[in-house]
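Heavy-atom basis, side chains included; hydrogens, waters and symmetry copies ignored. Lettering follows sequence order; numbering is per chain, from 1.
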Amino acid sequence: MPEFDNHAIARMLDDTGDLLEISGADRFRVLGYHKAASSIRAWPEDVTTLSGADRLTEIPGVGAKTAAAVAQIIATSTFPDLEGLKRQFPEGLLAVMQVSGVGPKRARQLYDKLGVDSIEALQAALASGRVATLGGFGAKSAEGIAAGAEAYLRHHERIPVSTALPLAERLVAGLRAVPAVRDVQFAGSLRRMQETIGDIDILTSSDDPAAVMAAVRELPLVTRVLGSGETKTSVMTTSGLQADVRVVAPDEWGAALQYFTGNKAHNIHLRALAKAAGLKLNEYGVFRVEGGERIAGATEADVYRALGMDTPPPEIRGDHGEIEAALAHELPRLVEIADVRGDLQSHSVATDGRSTLLQNRAVAAELGYEYFAATDHALNLKMVGGLTLDGLERQWELIDQVNSTPGPRILKGIELNIDEHGGVDYDEDLLARFEICLASMHSGWGASREAGTKRMLRVLDNPFVDVIAHPTGRVLGRRDAIDYDMDQVLAKAGKTGTIFEINSYPDRLDLDDTHIRMARERGVRFTLGTDAHEAEQFRYMPYGVAMARRGWTVPGELLNAQPWDVARTWLRRFRTLGR
DNA sequence: GCCGTTTTCGGCCCGACTGTTTTCAGTCG
C-alpha cells in the first residue's frame with residue numbers, strides 16, 4: 001500500500017480544494033481545504049501518527065471533516081471526495097488553472113465550451129482562435145493567457161534563492177544610489193528566504209515616485225521594460241529574472257514592506273486580527289474602522305505594535321504559530337550568522353574539492369571562524385577518490401602541521417557513505433580516530449520507503465556517526481529526497497543523540513524548514529555546514545542560517561554556535577569514548 | 001471547509017488591475 005506523508009496528504013487536500021473551486025463550490029469551503037493543506041504541510045509531526053491517536057483536530061484548520069478524510073486517506077489510500085471530483089473534471093484542469101490569467105471560473109468555461117483539459121489543449125484552443133470568441137474573453141485576454149501558458153511550460157520551476165539574492169542585492173544597491181529613493185529593500189519570498197523564488201519584489205519609498213520609476217527603467221542590469229506605471233515597474237534583467245519594483249510614500253513604507261513580505265496566510269491572519277480589534281490593515285497602514293484615522297504605517301514595527309504584537313522575523317512569517325508567539329511577546333531569539341563559530345562540512349583537493357586546506361582556512365579566517373571541519377569523502381565514494389587509510393594519515397599530518405600555526409582550528413573529520421544496509425566505510429577503530437564523523441547517502445534513490453527507513457535506523461545505531469549530513473539527499477530542481485519515514489528516524493535520533501545537518505549548499509538546503517521543526521520537536525540538535533567544494537563556498541553559510549531560522553532554531557540547538565570545547569561534548573563519540 | 005473575549009450560526013482579508021463591460025466579474029498578490 002502506498003505510504004502517505006504530510007506533503008502527499010496536503011497535496012490531495014489542495015487538489016480537492018482546486019477542483020471544488022472549479023465546480024463552483026462556496027469559496028470559503030474551498031479556503032477550508034487549502035488552509036488545512038497548508039497546516040498539514042508545515043506540521044512538525046507525521047500526521048499518520050496523529051491519526052492513530054485521534055489527535056488530528058489539534059492541527060489548526062483541521063476539523064472533524066478533514067480529520068476523517070485524512071484518516072481515510074491513511075487507511076485506504078483514497079479520498080472518495082477527490083475521486084468523485086476527478087471523475088467530473090480532469091486532473092489536467094489543475095495545471096490549466098495554474099496558468100497566469102486563468103482562474104477557476106475561466107478553467108471551467110474553457111473545459112465546458114472547448115473541452116480544454118490540459119496545457120497542450122489550451123494552447124491548441126488558443127491557436128485556433130476559439131478562446132477569444134468565448135463570452136468574457138477577448139483578443140487581449142487570449143493573448144495574455146497564451147503568454148501565461150508558454151511561461152508555465154518554459155519555467156514553472158522556481159529560481160534558487162542563491163541565484164535571486166545576489167541579483168536582488170545588486171538591484172537594491174543600484175536603487176540606493178538614486179537621489180529620489182529614500183528606503184529600498186527586497187520583499188516577498190526572497191525576504192522570507194524561501195529555498196526557491198518566483199520573482200524578485202523590490203520596494204522603495206520616495207516623495208518623487210516618477211523619478212524612481214524612471215531610474216528603475218535605466219538600471220544597468222535591465223534588458224527590457226515589461227511594464228511601467230506610476231507606482232510599479234516590471235523589468236527583465238540580464239540574468240533572465242523578472243523583477244517588480246514598487247514605490248510608496250515614506251509614511252506608508254512599513255505597511256507596504258509588511259504587506260509585500262507576506263506570506264499570504266500570515267497577512268490574512270493579521271487582517272482578521274485587525275478587524276476583530278476594530279482596525280483595518282492594508283498596504284497603506286493600520287486604520288481605525290470608525291473615523292478612518294491612520295494609527296501606524298511608517299515602519300514595520302509600528303504596524304505590528306498597533307496590532308499588539310512584536311515583529312516576527314521575516315523567515316518565519318507563514319502563519320505557523322509566529323503570530324500567536326508575537327502576541328504573547330514570546331518570539332524566540334533565532335540563530336544569526338554572527339552566532340556561527342565554524343563550518344562543519346568542507347571538502348579539499350584530497351578528494352573532490354578544488355581548494356587546499358590552507359585556502360579553505362584562509363577564507364574561514366576571513367569569516368571570523370574559530371574552527372572548521374575538513375570532511376573529505378570516505379573510501380567507498382570511489383568516483384571522487386574517497387580516502388584510504390594512507391590518504392587519511394597524510395591529511396591528519398597536514399592538519400597537525402597547519403594547526404600549529406595561528407588561525408581557525410581544522411577538525412579531523414570525514415563524510416562517510418551510508419550503504420544500502422545502513423553500514424559505513426570504516427571499522428570502529430578507525431572511526432574512533434576522527435574528531436567528527438558525518439554520514440550521508442550518495443546512492444539508493446530508487447529504494448522503497450521501508451528499505452530507506454531500515455537503512456537510516458541502522459546507521460543511527462553507530463556510536464561514531466555524529467552527524468547525518470544532507471539528510472534527505474534532495475537536490476533542488478534535479479533530484480527528489482530519498483524516501484524514508486522521517487518521523488520515525490528523527491524520533492530515534494532524538495534518543496541516540498545523533499545530530500542532523502542543515503546543509504547550506506544552495507542546491508541542497510537540506511534539512512528544510514518543516515523537517516527542522518520536526519527534528520526540534522524530537523529533541524534533535526543541528527550542525528550547519530556549507531559542503532564547500534572550494535574555499536569561496538564557505539560563504540554559503542547565510543543560506544543555511546536562513547533555513548535554520550525558518551525552522552525556528554535557537555543558538556542553544558546549534559552545535560556550531562558553541563565554542564569547540566563545548567561543541568565536542570555534544571557529539572555522540574564524546575559519550576562513547578568518554579573524552 | 002473551520003471556528004468562537006463579537007457568534008455553536010453566521011461569519012470568514014484587502015485592494016488593484018484588466019478587459020470587457022455599461023456597472024463589474026475574474027484574477028492576482
Mind checking whether A:L165 and A:F186 have side chains closer than 4.5 Å, heavy atoms only?
yes
Spacing of the P atoms in B:dT27 and B:dT20 (rounded, Å):
13 Å
Does A:S141 put a side-chain nitrogen or oxygen below 4.0 Å from OP1 or OP2 of B:dT18?
no
Can you measure A:D319 atom CG to B:dC13 atom P for me and round it to whole angstrom units?
12 Å
Distance check needed: B:dG15 C1' versus A:Y284 OH, whole Å only.
7 Å
Would you sort out whether A:R29 and A:E21 count as a salt bridge (Lys or Arg N to Asp or Glu O under 4.0 Å), showing the intermediate values?
CA-CA 9 Å; A:R29 197 173 152 219; A:E21 198 173 11; over 6 Å; no
Give A:L281 one of three labels, base, sugar-phosphate or nothing, depending on what nucleic acid heavy atoms sit under 4.0 Å from its own.
sugar-phosphate
Contact class for A:V62 vs. all strands (heavy atom < 4.0 Å): base, sugar-phosphate, or nothing?
sugar-phosphate
Which value, in whole Å, describes the distance between the P atoms of nucleotides B:dC9 and B:dC14?
25 Å
Distance between the C1' atoms of B:dC13 and B:dC28, in whole angstroms?
14 Å
Closer than 3.5 angstrom, by distance alone: can the side chain of A:T204 be matched with the main-chain N or O of A:R246 as a donor-acceptor pair?
yes
List the protein contact pattern of nucleotides 24-29 of chain B with one symbol per nucleotide (5' to 3'): B for base contact, S for sugar-phosphate-only contact, - for none; contact means a heavy-atom distance under 4.0 Å.
--SSSB
Locate the shortest heavy-atom distance separating A:V524 from A:L490; write the atom from each residue and the value.
CG2-O, 3.5 Å
Figure out the CG/C1' separation between A:D18 and B:dG1, and round it to whole Å.
14 Å
Separation between the C1' atoms of B:dT8 and B:dC2, rounded to whole Å:
12 Å
In whole angstrom, what separates A:L19's CG from B:dG1's C1'?
15 Å
What are the two closest non-hydrogen atoms of A:P313 and A:R549, and how far apart are they?
CB-NH2, 3.6 Å
For A:L56 and B:dC2, give me the distance from atom CG to atom P, rounded to whole Å.
12 Å
Is there a donor-acceptor pair closer than 3.5 Å between any side-chain N or O of A:E557 and the backbone N or O of A:V554?
yes
Once you apply a heavy-atom cut-off of 4.0 Å, does A:A64 come out as touching a base, just sugar-phosphate, or nothing?
sugar-phosphate
Is the A:F79 ring parallel, tilted or perpendicular to the A:Y33 ring (thresholds 30°, 60°)?
tilted
If you measure from the C1' atom in B:dT7 to the same atom in B:dC12, how many Å do you get, rounded?
12 Å
Would you mind reading off the distance between A:L273 atom CG and B:dG4 atom P, rounded to a whole angstrom?
12 Å
Mapping A:A67 and A:K140 to their closest nucleotides on DNA chain B, which lands nearer the 5' end?
A:A67
Describe the nucleic acid contact of A:A37 in one word from base, sugar-phosphate, nothing, applying a heavy-atom distance below 4.0 Å.
nothing
Between A:M193 and A:R550, what is the shortest heavy-atom contact and its length?
O-CD, 3.1 Å
Does a side-chain N or O of A:N267 approach OP1 or OP2 of B:dC13 to a distance below 4.0 Å, or not?
no
For the pair made of CD in A:E143 and P in B:dG19, what is the distance, rounded to whole Å?
9 Å
Donor-acceptor pair, distance only, cut-off 3.5 Å: does the side chain of A:S39 make one with the backbone of A:A36?
no
Can you measure A:K35 atom NZ to B:dC2 atom P for me and round it to whole angstrom units?
11 Å
Taking atom P in both B:dT6 and B:dG11, compute the distance separating them and give it to the nearest angstrom.
15 Å
Taking all non-hydrogen atoms of both residues into account, name the closest pair between A:V116 and A:L93 and its distance.
O-CD2, 3.4 Å
Would you list the protein and nucleotides 5-12 of chain B atom pairs, both N or O, that sit under 3.5 Å from each other?
| from | atom 1 | to | atom 2 | distance (Å) |
| --- | --- | --- | --- | --- |
| B:dC12 | OP1 | A:K275 | NZ | 2.7 |

Which atom of A:K280 lies closest to which atom of A:V289, heavy atoms considered
N-CG2, 4.2 Å
For B:dT8, which nucleotide in any strand shown is its Watson-Crick or wobble partner with both distances under 3.5 Å?
none
